[in-house]
Structure formats: C-alpha cells, structure tokens
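First listed ligand is number 1; within each ligand, the first listed atom is number 1. Throughout, residue positions are numbered sequentially from 1 according to the sequence presented.
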Amino acid sequence: MPPAARDRRSGAAVTAADAAAIAAAARHLRDGGLVAFPTETVYGLGGDAGSDAACARIFAVKGRPRFNPLIVHVGDAAAAERLALFDDRAAALAGRFWPGPLTLVLRRRPDAPLSLLATAGLDTVAVRAPAHPLALALLAAAGRPIAAPSANISGRLSPTRAEHVAADLPAAAAVILDGGGCRIGLESTIVDLSQPAPLLLRPGGLAIDAIERTIGPLAIATGGDDDGRPRAPGMLARHYAPSCPMRLAATAARPGEAVLAFAGRPAGARLDLSRQGDLEEAAANLFAMLRDLDDGTARVIAVAPIPETGLGRAINDRLRRAAAAAADDDDGDP
Ligand code: TXA
Ligand code: MG
C-alpha cells in the first residue's frame with residue numbers, strides 16, 4: 001500500500017484513510033498483516049482474530065506477555081453473539097452502549113472462530129463494537145472480527161493519534177490508518193459478565209453510573225495480581241507509563257517539574273488537561289499531554305488533583321498506574 005506520509009522518527013507508513021486505503025488495509029488484514037486503526041477511545045493494533053499467526057504478531061510487536069488476552073472488535077452485537085454467549089445483561093448493555101467505549105467479557109462460544117491466542121486460552125472473550133466510522137468501515141471490509149489491543153509498546157502510554165503509533169511501533173510492523181485524534185482518549189470500560197455478579201475490570205471511557213443504571217450495581221475488581229490468569233491485566237500495577245517519574249495531586253509546582261494542570265490549577269503549568277474543568281475534555285487530552293511532557297526536559301511530571309467523579313475515576317486510575325514505582329514494573333500490557 002502506498003504510504004501517504006512517513007513518520008519522521010520511525011519511518012512507519014501512516015495512511016490517510018480514504019475508501020481505497022480502507023480496502024487495502026482490509027486485504028492486508030485478511031492476509032495476516034496488522035493494521036493500526038483509530039477508535040473513539042485509543043488507536044488499536046488490529047489483526048485477524050481467527051488467525052494464530054496474526055495474533056502472535058500482535059503480541060510480538062507490542063512485547064506483550066502471552067497470558068494477556070486481546071479485545072476482539074466487532075461491527076455489532078450480532079457479530080459478537082457469534083463469538084460469545086449473551087445473557088439479558090449483555091444484550092441490554094450492548095443494545096444501549098454499542099457501538100461505544102464498553103468492552104464485555106463473556107463466555108466464549110465453544111465453536112467461536114477465534115485464535116486461542118486472542119483469548120489467551122481462557123473460556124471467556126472480551127468483545128466490543130467501537131464507535132468510530134473508520135474502525136467500523138475496516139471491520140465491514142475485513143468481514144471478520146479484529147483482535148486489537150492498544151497500539152502502543154506494552155506498558156507505555158496508549159496512542160490517541162496516528163503519529164503516536166508511528167513513533168512507537170517499528171516501521172514494518174503495521175499499516176497505520178490515520179483518523180486524527182481519538183474523541184474519548186481513554187480505553188474502554190471493561191465489565192465481566194461471565195459470572196453471576198457483574199464485575200468492573202477496568203474503568204474507562206464509559207462512566208460506571210451509566211452501566212449501573214442499566215444492569216444494577218457493579219462489583220469492583222481489586223488487586224493488581226499477575227498470577228497468570230489475571231482478570232484484566234490492565235489492573236497490573238504499572239501501566240500507561242511515561243518514562244519519567246510522576247507526582248500526583250500536585251497543588252504547586254516544584255523545581256524541575258513539568259506540571260499538568262486541571263481547571264487552571266496549579267499555576268505555572270506547561271499544559272492544562274481542561275481549563276474549563278471538563279472531565280471529558282481532560283480524558284481526551286490525557287495521554288497526548290503526558291507524551292508531550294515526557295520529552296526528556298523534565299525531571300518529574302506533576303499532575304493536578306482530578307475529581308474522582310464520572311470519567312475522573314478512569315483518569316485517576318490511569319494516573320495511579322502511570323505513577324506506580326518503577327520497582328513494581330512488569331511487562332504486562334496495556
Ligand atoms: O478502548 C479499548 O479497549 C482499546 C481499543 C483499541 O479498543 N483496546 C484496549 O485493549 O485497551 P488492551 O488489549 O490494551 O486492553 C485489553 C484489556 C486487558 O487488560 C486484558 O487483560 C483485558 O482487556 N481482557 C481481554 N480479554 C479478557 C478476558 N477474557 N478476561 C478478562 N480480561 C480480558
Ligand atoms: Mg493497552
């Protein structure tokens with residue numbers, strides 16, 4: 001496929017996503033290649049979910065541990081029902097929030113045409129229909145489910161622009177479809193419905209209250225264990241991390257710090273997640289601004305306190321993981 005532009009640092013091919021580029025990307029995917037594509041949450045690194053080779057390549061490119069299963073993307077609930085067993089709760093959530101930033105962990109159909117690598121050998125599968133026209137067009141053109149983790153190197157910040165993907169991944173790793181900036185900017189909320197009690201595995205782009213209004217209270221998964229069968233390895237302690245240390249709930253700048261403000265505070269910040277104090281705007285800016293501040297000039301990135309309401313819960317979750325001591329580091333994904 002002819003690249004529309006080449007990223008200056010990595011030389012990766014970034015393709016402006018017109019109809020021809022989508023068709024070519026879908027062919028590449030069906031041939032076992034990888035395609036990085038935009039969703040409303042973050043960019044995904046997609047491969048044919050039915051192909052062991054493609055799924056293995058995803059793990060290899062990301063440097064991702066094998067035990068960590070992938071989210072399988074589909075065009076709609078009907079496509080998801082060919083892969084997973086839906087109950088009333090799953091149907092209600094999919095009906096209400098798909099396409100959108102919600103991933104459901106469901107019992108995998110025994111005959112589901114999925115690579116065991118995509119589900120890391122579990123008897124469950126994580127499925128989601130993304131609300132992005134390019135992602136949906138790619139799914140339709142490929143005509144099969146697409147396994148896609150966030151398109152970053154394991155443990156690093158998720159990409160919210162095509163340039164982030166091009167800067168992270170080796171040039172030959174994937175075709176990159178450029179859909180501009182991601183509207184939500186935080187990964188999807190993950191709810192596990194494979195057990196009788198619904199469980200929140202990862203707070204994310206869909207606020208928890210909206211889910212609870214549909215299916216009732218969610219239990220919140222605790223722990224950052226990596227015992228080999230993690231419920232959501234996104235819960236591992238250190239994730240989404242910039243390369244320099246972070247200080248949270250900073251109410252004033254200290255010498256040598258690059259400060260990320262919220263709602264105008266603290267003073268003297270280099271960037272502000274949202275001057276208006278809008279948590280949706282802050283979520284959309286989070287990863288891109290952390291990347292901008294992580295440019296090697298600051299000793300520490302200090303981040304203002306973020307309210308623990310609505311999307312603020314997901315923002316604080318990502319910030320806590322990014323700030324976790326390097327000693328806790330593991331090579332788990334996201
Ligand atoms: O917004 C998103 O969800 C993005 C975009 C690309 O869709 N994807 C994303 O994928 O964040 P990833 O692979 O970086 O995160 C997937 C999370 C991981 O924490 C993984 O462990 C969990 O989903 N997961 C996948 N399958 C699972 C399963 N069967 N049971 C429990 N957790 C699962
Ligand atoms: Mg990820």
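The residue among L201, I190, L199, V127 with a heavy atom at the shortest distance from atom 22 (C) of ligand 1 is I190. The heavy atom nearest to atom 28 (C) of ligand 1, considering only L186, T124, I146, T39, is found in T124.
Heavy-atom contacts of I71 reach the following atoms of ligand 1: 3 (O), 8 (N), 9 (C), 10 (O), 16 (C), 23 (O) (cutoff under 4.0 Å). Less than 4.0 angstrom separates some heavy atom of G44 from each of these atoms of ligand 1: 6 (C). Residue A126 approaches ligand 1 through these ligand atoms, each under 4.0 Å from one of its heavy atoms: 25 (C), 26 (N), 27 (C). In the vicinity of H73, heavy-atom distances shorter than 4.0 Å reach the ligand 1 atoms 5 (C), 6 (C), 7 (O).
None of the N, O or S atoms belonging to N152 lies under 2.8 Å away from the Mg ion (ligand 2).
Between the side chain of D272 and the backbone N or O of A263, at least one donor-acceptor pair lies under 3.5 Å.
In the model, R89 has no side-chain atom that pairs as donor or acceptor with a side-chain atom of T214 under 3.5 Å.
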>> Walk me through whether D123 and R108 qualify under salt bridge (charged side-chain N to carboxylate O under 4.0 Å, His left out).
In response: CA-CA 6 Å; D123 55 7; R108 171 191 165 129; over 6 Å; no
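Under a 4.0 angstrom heavy-atom cut-off, V42 registers as being in contact with ligand 1. The closest approach between any non-hydrogen atom of R202 and ligand 1 is below 4.0 Å.
Salt-bridge check for D48 with R57: failed, with every basic side-chain N at 4.0 Å or more from each acidic carboxylate O. Using a cut-off of 4.0 Å between Lys/Arg side-chain N and Asp/Glu carboxylate O, D295 and R270 are scored as salt-bridged.
Between E187 and ligand 1, not a single N/O pair is under 3.5 Å apart. Some N or O of S150 is nearer than 3.5 Å to an N or O of ligand 1, by distance alone.
With rounding to the nearest 0.5 angstrom, the CG atom of L193 is 12.0 Å from the CZ atom of R107.
With a 4.5 Å cut-off on side-chain heavy atoms, L279 and I306 count as touching.
Here the options are R202, R128, R318, the test is salt bridge (Lys or Arg N to Asp or Glu O under 4.0 Å), and the partner is E187; only R318 passes.
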